[in-house]
Number of protein chains: 2
Amino acid sequence: MSVTPVWPDELFTDLDRTGPVPLYYQVSSRLEQAIRSGTIPTGSRLENEISIGERLGLSRPTVRRAIQELVDKGLLVRRRGIGTQVVQGQVSRPVELTSLYEDLKHGHHEPSTEVLSYEVIPAPEEVAEKLSVAVGSDVLRIRRLRGTDGVPVAILENYLPKEFTDIIEADLKSKGLYQLLRARGVTIRIANQSISARRATADEADLLGESRGGPLLTMERIAFDDSGRAIEYGHHCYRPELYRFETTLVAK
Amino acid sequence: MSVTPVWPDELFTDLDRTGPVPLYYQVSSRLEQAIRSGTIPTGSRLENEISIGERLGLSRPTVRRAIQELVDKGLLVRRRGIGTQVVQGQVSRPVELTSLYEDLKHGHHEPSTEVLSYEVIPAPEEVAEKLSVAVGSDVLRIRRLRGTDGVPVAILENYLPKEFTDIIEADLKSKGLYQLLRARGVTIRIANQSISARRATADEADLLGESRGGPLLTMERIAFDDSGRAIEYGHHCYRPELYRFETTLVAK
DNA sequence: GAGTGGTCTAGACCACGGC
DNA sequence: CCGTGGTCTAGACCACTCT
């Protein structure tokens with residue numbers, strides 16, 4: 001029974017079966033759009049998976065996969081014997097594998113970057129260990145001051161293996177580090193992050209316009225490419241009034 | 001060709017096809033165990049999905065799903081045309097949807113809890129909004145001091161709707177909040193978290209044994225149950241030398 | 001060309017929740 | 001009891017990478 005609420009049929013009329021975009025992705029992204037825009041209201045129930053498949057001309061596994069994507073994002077909830085519901089009242093905003101630059105850009109702010117230093121140095125023990133290179137071998141060290149709308153937000157300190165020394169210093173002013181790596185054919189696949197806090201040093205406080213000894217939000221990250229090779233080790237600190245890490249967690 | 005490294009056949013000999021545990025889960029958890037223990041070395045390649053399926057007597061989708069679980073956890077990397085590899089050299093430790101109590105317990109520490117206050121109060125505006133209840137309606141407020149091995153680590157402040165006032169104050173000393181909610185039949189499914197930092201107040205500094213005005217790591221969380229209803233709003237602060245949030249991010 | 005993962009189909013049976 | 005999602009099968013075709 002149940003007055004299964006439906007969406008306008010037009011939402012899914014023109015699925016492209018020839019192009020490179022997977023069907024499940026076309027369905028899930030349009031569904032997500034419809035939910036976020038309110039076209040499908042929060043709390044409403046979806047039809048069962050088989051009916052949806054029939055209406056869209058898709059098999060059940062394909063429909064399931066589309067739905068699963070949104071369950072993983074925290075937009076839908078499935079309960080056996082009950083059905084699938086749009087989660088009530090919240091916007092979910094996951095921590096994503098992007099750099100701060102892209103975070104800010106998507107947030108409709110104007111990011112700015114000042115390159116504080118750009119140099120090749122012998123790897124200190126800590127950095128060598130994180131990047132899995134020999135202590136004392138050449139590594140590229142980049143230190144940047146990142147701001148938004150003219151206000152300093154974060155100090156970014158990054159270390160990369162020496163073959164990346166051809167990253168142009170000038171490019172760092174207008175592009176994110178990950179963007180430059182992608183342009184070089186390097187895709188960051190996995191990152192281990194550790195978030196904590198500490199006091200600002202005098203140097204950091206001056207750069208960020210904070211009081212000396214004031215609290216800073218810190219993030220350490222080691223990023224790996226497809227093959228599991230360590231590409232970047234970063235140690236960043238943020239002004240806590242201006243930045244925070246937001247996550248949506250979904251229990252399995 | 002490739003010298004496809006294999007695992008000992010014994011690893012997967014006794015799959016249980018009758019019990020309630022899904023086959024893909026049996027495979028992925030044993031595979032994970034084998035990787036974490038080093039039985040399958042980092043960097044090694046797995047056989048292709050079809051061969052694995054034949055060896056285990058499973059269909060390809062089932063094998064794929066098992067592997068996908070570990071890809072999502074950041075233990076394996078798949079590349080089209082190449083194969084599946086164990087990621088090199090790292091332990092991944094995701095932020096999970098558990099409470100601090102369970103985090104500490106799994107970390108082989110002895111967690112302790114002191115209930116600082118336990119009271120029903122009229123909901124302040126901020127709390128009412130987060131829990132989607134009327135301003136001034138009754139909410140349960142719990143404030144706890146969490147320590148490990150006798151050292152204070154965090155101050156946990158939680159708000160719950162009034163129907164949870166039957167959570168026994170005494171139970172909070174020995175059990176986590178989520179554990180108590182589960183025992184009441186409430187499953188936390190989705191949580192929105194926001195991590196940042198700020199100065200400690202005098203009160204907080206005294207409780208945590210920190211210097212006044214020192215940095216604190218903070219986490220705000222709203223947790224929802226299956227139906228999307230807000231169950232808990234929490235505002236926690238941690239001593240940054242003793243606690244941090246670790247995540248493994250995997251690009252899709 | 002050979003081998004790999006990425007996607008998709010059309011069924012099947014089961015477990016769980018509500019009636 | 002019925003309807004739901006959860007799992008599983010046995011195929012198929014395609015895109016990509018390496019040789």
Side-chain angles (χ1 to χ4, degrees), chain A residues 1-5 12 15-29 44-72 76-86 185 187 189 225-227 250-252, chain B residues 1-5 12 15-29 44-72 76-86 185 187 189 225-227 250-252:
Chain A
M1 288 306 99
S2 79
V3 194
T4 43
F12 298 97
L15 295 176
D16 176 14
R17 303 185 90 96
T18 64
V21 183
L23 288 170
Y24 76 87
Y25 185 79
Q26 295 181 48
V27 173
S28 76
S29 56
S44 64
R45 267 191 49 197
L46 264 51
E47 290 176 70
N48 70 65
E49 299 169 342
I50 298 184
S51 312
I52 294 176
E54 286 170 355
R55 290 231 320 234
L56 305 186
L58 297 173
S59 69
R60 188 185 165 199
T62 302
V63 173
R64 257 189 86 75
R65 179 155 183 191
I67 290 177
Q68 188 61 46
E69 295 268 315
L70 300 188
V71 170
D72 291 341
L76 295 177
V77 177
R78 278 203 277 222
R79 280 181 290 176
R80 172 152 35 180
I82 307 283
T84 304
Q85 265 189 324
V86 180
T187 307
R189 183 63 71 96
D225 71 0
D226 278 333
S227 68
V250 181
K252 284 179 300 188
Chain B
M1 283 312 98
S2 79
V3 193
T4 42
F12 298 98
L15 295 176
D16 176 14
R17 303 186 89 95
T18 63
V21 183
L23 288 170
Y24 76 87
Y25 185 80
Q26 295 182 48
V27 173
S28 76
S29 55
S44 64
R45 268 191 48 197
L46 264 52
E47 291 176 67
N48 70 65
E49 300 169 342
I50 297 182
S51 313
I52 295 176
E54 285 170 355
R55 289 229 322 231
L56 305 186
L58 297 173
S59 69
R60 188 184 168 202
T62 302
V63 173
R64 257 188 86 74
R65 179 155 182 190
I67 291 177
Q68 187 62 45
E69 295 267 315
L70 301 188
V71 170
D72 292 340
L76 296 177
V77 177
R78 278 203 278 221
R79 280 181 290 175
R80 173 152 36 180
I82 308 283
T84 305
Q85 265 188 323
V86 180
T187 306
R189 183 63 71 98
D225 70 359
D226 278 333
S227 68
V250 181
K252 283 181 297 189

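Just so it is clear, the values below take in all heavy atoms, side chains as well, and ignore hydrogens, waters and symmetry mates. Throughout, protein chains are lettered first and strands after them, A, B, ... in sequence-line order, and every chain is numbered starting at 1.
Rounded to a whole Å, the CD atom of A/Gln68 is 10 Å from the C1' atom of D/dG6. Protein atom CG of B/Asp226 is 15 Å distant from nucleotide atom P of C/dC16, rounded to whole Å. The separation between A/Glu54 atom CD and C/dT9 atom P is 13 Å, rounded to whole Å. Atom CD1 in A/Ile67 sits roughly 14 Å away from atom P in D/dT7 (whole-Å rounding). A straight line from CG of B/Leu56 to P of D/dT9 spans 11 Å, rounded to a whole angstrom. Summarising the geometry, the separation between CG on A/Leu15 and C1' on C/dC8 is reported as 13 Å, rounded to the nearest angstrom. Atom CG in B/Leu58 sits about 15 Å away from atom P in D/dG11, given to the nearest Å. When rounded to the nearest whole Å, the span between CD of A/Gln85 and P of C/dG18 equals 12 Å.
A/Ser59 pairs with exactly one of A/Thr62, A/Val63, A/Leu56 by the side-chain contact (heavy atoms from CB on, under 4.5 Å) rule, that one being A/Thr62.
At C/dT7, one or more side-chain N or O atoms of A/Arg65 fall inside 4.0 Å of OP1 or OP2 (strictly under the cut-off). Checking the phosphate oxygens (OP1, OP2) of D/dT9, a side-chain nitrogen or oxygen of B/Thr62 falls inside 4.0 Å. For the pair A/Thr84 and D/dG5, the criterion of a side-chain N or O lying under 4.0 Å from OP1 or OP2 is met. Taking only side-chain nitrogens and oxygens, B/Arg17 comes nearer than 4.0 Å to OP1 or OP2 of D/dT9. Contact check, B/Asn48 against C/dT4: a side-chain N or O comes under 4.0 Å of OP1 or OP2.
Distance alone, capped at 3.5 Å, is enough to place a donor-acceptor pair between the A/Ser29 side chain and the A/Tyr25 backbone. Between the side chain of B/Gln26 and the backbone N or O of B/Val21, at least one donor-acceptor pair lies under 3.5 Å.
Taking the side chain as every heavy atom from C-beta outward, A/Val71 and A/Val77 never approach each other to under 4.5 Å. The side-chain heavy atoms of B/Ile52 and B/Val27, taken from C-beta on, include no pair separated by under 4.5 Å. At a threshold of 4.5 Å between non-hydrogen side-chain atoms, the residues A/Leu58 and A/Arg17 count as touching. For the pair B/Leu15 and B/Leu23, the minimum side-chain heavy-atom distance is below 4.5 Å. In this structure, the side chains of A/Val250 and A/Asp72 stay at 4.5 Å or more apart for every pair of heavy atoms.
With the nearest nucleotide of DNA chain D identified for both B/Pro61 and A/Gly83, A/Gly83 has the one nearer the 5' end.
The bend of the helix from C/dG1-D/dC18 to C/dG18-D/dC1, defined by the angle between the axes of its first five and last five pairs, stands at 10° to the nearest 10°.
A/Arg64 comes within 4.0 angstrom of a base, heavy atoms only.
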Pull out every protein N or O sitting under 3.5 Å from an N or O of nucleotides 13-19 of chain D, one pair per line with the distance.
residue : atom : partner : partner atom : Å
D/dA15  : O4'  : B/Arg80 : NH1          : 3.3

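When the side-chain hydrogen bond (donor to acceptor under 3.5 Å, both in side chains) test is applied to B/Ser51, the partners found at least two apart in sequence or on another chain are B/Asn48. The side-chain hydrogen bond (donor to acceptor under 3.5 Å, both in side chains) check on A/Arg78 picks up A/Glu49, A/Gln68, with sequence neighbours excluded. In this structure A/Ser227 satisfies the side-chain hydrogen bond (donor to acceptor under 3.5 Å, both in side chains) test together with A/Asp225, sequence neighbours excluded.
Separation of atoms CG (A/Leu76) and CZ (A/Arg45) is listed at 13.0 Å; rounding is to 0.5 Å.
For the segment residues 21-29 of chain A, the set of residues with a heavy atom within less than 4.0 Å of an atom of DNA chain C comprises A/Pro22, A/Leu23, A/Tyr24, in numerical order.
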